[in-house]
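What follows is a single structure, and I will ask about it in a moment.
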Protein chains: 2
Amino acid sequence: MNSEESISRALERFKSVLHERSLKMSTVRESIARAALNYDGHFSVEELLRVLRSKGVSEAHLATVYRAVPLLVEAGLIQPALLSKGDHQRYEVAFEREHHDHIVCTSCGRVVEFVSEALEALQREIADRYEFSLDDHVHELLGRCSDCRDKPAARHS
Amino acid sequence: MNSEESISRALERFKSVLHERSLKMSTVRESIARAALNYDGHFSVEELLRVLRSKGVSEAHLATVYRAVPLLVEAGLIQPALLSKGDHQRYEVAFEREHHDHIVCTSCGRVVEFVSEALEALQREIADRYEFSLDDHVHELLGRCSDCRDKPAARHS
DNA sequence: TTCAGTGCAAAGGATTTGCAACACC
DNA sequence: GGTGTTGCAAATCCTTTGCACTGAA
């Protein structure tokens with residue numbers, strides 16, 4: 001979810017990244033970018049396509065969306081998320097959003113985002129200890145939320 | 001890598017988990033379990049099969065290994081590892097090994113395991129904060145090791 | 001006008017599944 | 001002897017690609 005101004009800046013950035021690679025900003029590409037930027041939550045390529053279709057905004061083809069997604073990632077508009085969810089890769093808006101990690105309920109699938117500077121610091125410290133320069137990390141906590149604690153564990157997808 | 005005694009205990013456990021599900025401990029299943037337990041590092045199903053074949057221990061079929069792996073995971077002999085490595089799922093020995101996370105060099109692919117009680121504690125704290133019971137987590141640090149810091153980033157698979 | 005973008009269909013690659021023959025308990 | 005197991009091949013599922021046509025700069 002983004003404000004109109006934020007979306008404009010994001011599209012501007014997208015366009016400039018495309019330019020650098022001598023690629024073009026097409027109508028379809030822009031629709032896909034907008035749909036992604038407006039997506040509230042974590043989406044798969046298939047789900048993004050569904051939104052595009054439902055809004056009648058565009059008749060984008062599945063393959064086209066698959067081709068656009070890596071470009072959106074490269075431009076920093078979206079980023080991969082929810083690695084542990086077995087099925088297909090999911091993404092979330094990254095543009096002008098602060099870094100966060102996720103805690104996922106394995107029973108109902110609820111996802112909560114959290115920010116912990118202590119955690120970030122600790123990770124930098126660990127990377128230092130092993131003489132790694134830290135570029136990124138994948139971090140997800142898995143458990144059961146307050147509503148599901150009593151129910152038996154059951155991995156959702 | 002495990003001692004002979006550890007392997008015996010692991011096979012015992014495997015057998016009992018199979019029993020609970022009225023499944024059987026076959027020769028092939030045992031070979032697969034042994035190969036997995038002896039594997040030093042992080043393996044894919046395909047790689048595990050390769051070891052089985054090379055040792056001439058067994059003519060296990062790929063599909064059979066795919067069928068055995070979830071059972072080995074359920075019995076706690078192995079666990080999924082290296083989620084962020086795009087290609088296929090990898091596993092590592094879990095039986096009688098202490099919990100650890102990984103730091104991966106995105107340039108040369110080197111993987112270092114680390115243990116941090118502070119990190120574990122912090123994760124429990126965060127789960128508490130959101131009223132989640134913490135069952136598990138996925139955590140990988142990505143960066144470049146001391147040998148690769150100068151080289152440009154290049155994701156390995 | 002010239003590359004790049006798109007739709008479509010077909011290819012890929014990892015994993016799964018149906019089924020008949022086979023092996024444990 | 002009766003189940004569960006295995007090999008094999010075919011089927012899936014997500015994702016990628018080749019190609020002829022369309023579109024943006």
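Labels below follow one simple rule: chain letters A, B, ... track the order of the sequence lines, proteins then strands, and each chain is numbered from 1.
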Length of the CG-C1' vector between B:Leu48 and C:dT15, whole Å =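 Atom CG in B:Leu48 sits about 15 Å away from atom C1' in C:dT15.
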All N/O donor-acceptor pairs, side-chain side in residues 68-76 of chain B, below 3.5 Å, sequence neighbours left out:
from, atom 1, to, atom 2, distance (Å)
B:Glu74, OE1, B:Arg21, NE, 3.1
B:Glu74, OE1, B:Arg21, NH2, 2.8
B:Glu74, OE2, B:Arg21, NE, 3.1

Under 3.5 Å: donor-acceptor pair, side chain of A:Ser44, backbone of A:Gln89 |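 A pair under 3.5 Å: no.
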Take the protein atom CZ of B:Arg50 and the nucleotide atom P of C:dA14, then report the distance between them rounded to whole Å.
->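 Atom-to-atom, B:Arg50 to C:dA14, this comes out as 11 Å.
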Calculate the interatomic distance between B:Glu46 atom CD and C:dG12 atom P; express it in whole Å.
->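 Answer to the nearest Å: 17 Å.
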Ring pair (Phe, Tyr, Trp, His ring centres under 6.0 Å) involving A:Phe14 - partner list, sequence neighbours excluded |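 Applying ring pair (Phe, Tyr, Trp, His ring centres under 6.0 Å) to A:Phe14 gives none.
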Could you check if a side-chain atom of B:Phe43 sits within less than 4.5 angstrom of a side-chain atom of B:Arg50, using non-hydrogen atoms only?
->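 Result no, sub-4.5 Å side-chain heavy-atom pair not found.
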Heavy-atom contacts under 4.0 Å between residues 66-74 of chain B and DNA chain D, which residues?
->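 Output list: B:Arg67.
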Of residues 16-27 of chain B, the positions that come close to DNA chain D - non-hydrogen atoms, cut-off under 4.0 Å =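 Nucleic-acid contacts, sorted: B:Ser22, B:Leu23, B:Lys24, B:Ser26.
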Whole-Å gap separating C1' (D:dC13) and CD (A:Gln89) =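 Value for this atom pair: 15 Å.
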Quick one: is C:dT6 close enough that its OP1 or OP2 comes under 4.0 Å of any side-chain N or O from A:His61?
->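 So the side chain of A:His61 is outside the cut-off, no N or O lying under 4.0 Å from OP1 or OP2 of C:dT6.
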Side-chain hydrophobic cluster, 4.5 Å single linkage: members besides A:Val17 =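 Direct or chained contacts put A:Val17 with none.
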Strictly under 6.0 Å, is that where the ring centroids of B:His137 and B:His99 end up?
->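 Yes, the ring of B:His137 comes within the 6.0 Å limit of the ring of B:His99, centre to centre.
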Distance, rounded to the nearest Å, where B:Phe43 contributes CZ and C:dA14 contributes C1' =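 It is 17 Å, rounded to the nearest whole Å.
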Residue pairs involving residues 102-121 of chain B (criterion ring pair (Phe, Tyr, Trp, His ring centres under 6.0 Å); sequence neighbours excluded) |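 Every pair satisfying ring pair (Phe, Tyr, Trp, His ring centres under 6.0 Å) with a residue in residues 102-121 of chain B: B:His42-B:His102, B:His100-B:His102.
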NE2 of A:His88 versus C1' of C:dA14: gap in Å, rounded?
->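 So the NE2-C1' distance, A:His88 to C:dA14, works out to 15 Å.
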B:Glu47 has an atom CD; how far is it from atom C1' of C:dA14, in whole Å?
->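 So the CD-C1' distance, B:Glu47 to C:dA14, works out to 13 Å.
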Measure the shortest side-chain to side-chain distance between B:Glu30 and B:Arg34 over non-hydrogen atoms and say whether it is less than 4.5 angstrom.
->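 They are in side-chain contact.
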Donor-acceptor pair, side chain of B:Arg53 and main chain of B:Ala60, under 3.5 angstrom =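 A pair under 3.5 Å: yes.
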Name the closest nucleotide to the A:Leu62 side chain, picking from D:dT15, D:dT17, C:dT6.
->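 Of the candidates, D:dT15 comes closest.
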d(CD, B:Glu30; C1', C:dA23) in whole Å |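 For the pair B:Glu30 CD and C:dA23 C1', the rounded distance is 15 Å.
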